[in-house]
Amino acid sequence: MKPHSGRDNNSPRLESEIVKLLDDSAGNLPAAVASRLSESREISLDAAAKPRQGIFDVLDWRPAYATAALCLLAMLLLYIPDRAEPEYAELWSAEDQYLLGDDLSLYLWLSDTAALETGEEG
Amino acid sequence: MPVQQSPSIKMASTYASSDKSQLRNELNLFFRDTQPRAFRMLQLAVRDEQLALDLLQDAMLAFVRSYAKRPSAERAPLFYRVVQNKLRDHFRRQQVRRRWVSLFSDLRSADNQDTGYQPEAIEPDPEAWQQLDSRHKLEYVNRVLARLGVRQQQTFLLRAWEGLTEAETATAMGISVGSVKTHYARARAALRTALGTLEIAEVES
């Protein structure tokens, strides 16, 4: 037993008396409380037996990989044809067509025309 | 065709299962020993049997998840540290809840003096001590202990009842050794006043 505790034979009488009473009370718990304590003990011991699971153990990554692959595929299907197929460009605005159609000279001509109309030089 | 395990794998799994059962037995013994005292300590602090049981279960689960494999000598202070943390968390939550409740109740009532922890208004009678039987003595002691502040009460119980050293009590309560000495001395002084008919010797340091 640890030194200076109430259980020590040299400890003060008050503490010994209190400790004795408390020991008796802890040893004579009501049946309902004792049963609940036993249940808590079992739960805790079962938890101790199980390996601790982190977030990476809990999550199943296969659905996440599948979803990511599908999203990537969808993006490829929706995005790349817009750039690759010329007919999709018809849906765009005239300025976008000039920019993306590599018709730089026409774009520059339009820009110069606009500059002349507003009176800017150079 | 059934797959044959190699002898080394079999041996390793046997050792692992025996380690697990040994750990389970050790923890079972440890909990059987400490659980009733920890329950009484929590009950004295929160004054609610069901709440004390809930807090104890939380503490036990937290303990086995973090400290189950610690050496047996370290278990008691660590377990009581977890218990004290749960207790502190409970009082903090209670304080926050009370703040909100008092904020709203202030709007309706001028009675905002409730600080929560109100010791029971009892006046222990030291003269009656000698005439009490053990059941009534226990009730008397419980009431006197319940009148102490939670820190004084828990320090006293950990030092005097659980038999932790000052350093272990400080670890368990998350306070300094000096604070442990102060709380313990004050608790003893309060108990001495309340149970004054008993001869009390000073603690040998």
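This is a predicted model, so every value here is computed, not measured. Just so it is clear, the values below take in all heavy atoms, side chains as well, and ignore hydrogens, waters and symmetry mates. To find a chain, count down the sequence lines: A is the first, B the second, and so on, and within it residues start at 1.
Contacts of B:F31 with chain A are made by both backbone and side-chain atoms, with heavy-atom separations under 4.5 Å. B:L27 touches chain A through backbone and side chain together, each having a heavy atom under 4.5 Å away. Of the atoms belonging to B:L157, it is side-chain heavy atoms, and not backbone ones, that fall under 4.5 Å from chain A.
Top candidate by heavy-atom pairs under 4.5 Å with chain B, chosen from A:K20, A:E42, A:E39, A:R41, is A:R41.
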Below 3.5 Å, can you tabulate the donor-acceptor pairs from side chains in residues 25-37 of chain A to any protein atom, sequence neighbours excluded?
from: A:S25; atom 1: OG; to: A:L22; atom 2: O; distance (Å): 2.8
from: A:S25; atom 1: OG; to: B:R40; atom 2: NE; distance (Å): 3.3
from: A:N28; atom 1: ND2; to: A:D24; atom 2: O; distance (Å): 3.0
from: A:R36; atom 1: NH1; to: B:D54; atom 2: OD1; distance (Å): 3.4
from: A:R36; atom 1: NH2; to: B:D54; atom 2: OD1; distance (Å): 2.6
from: A:R36; atom 1: NH2; to: B:Q57; atom 2: OE1; distance (Å): 3.4

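For B:F30, the ring pair (Phe, Tyr, Trp, His ring centres under 6.0 Å) criterion is met by B:F63, B:F79, not counting sequence neighbours.
Among B:K86, B:R88, B:R81, the one residue that satisfies the side-chain contact (heavy atoms from CB on, under 4.5 Å) test with B:Q84 is B:R88.
Note that CD of B:Q43 and CG of B:D48 are 8.5 Å apart. Values are rounded to the nearest 0.5 Å.
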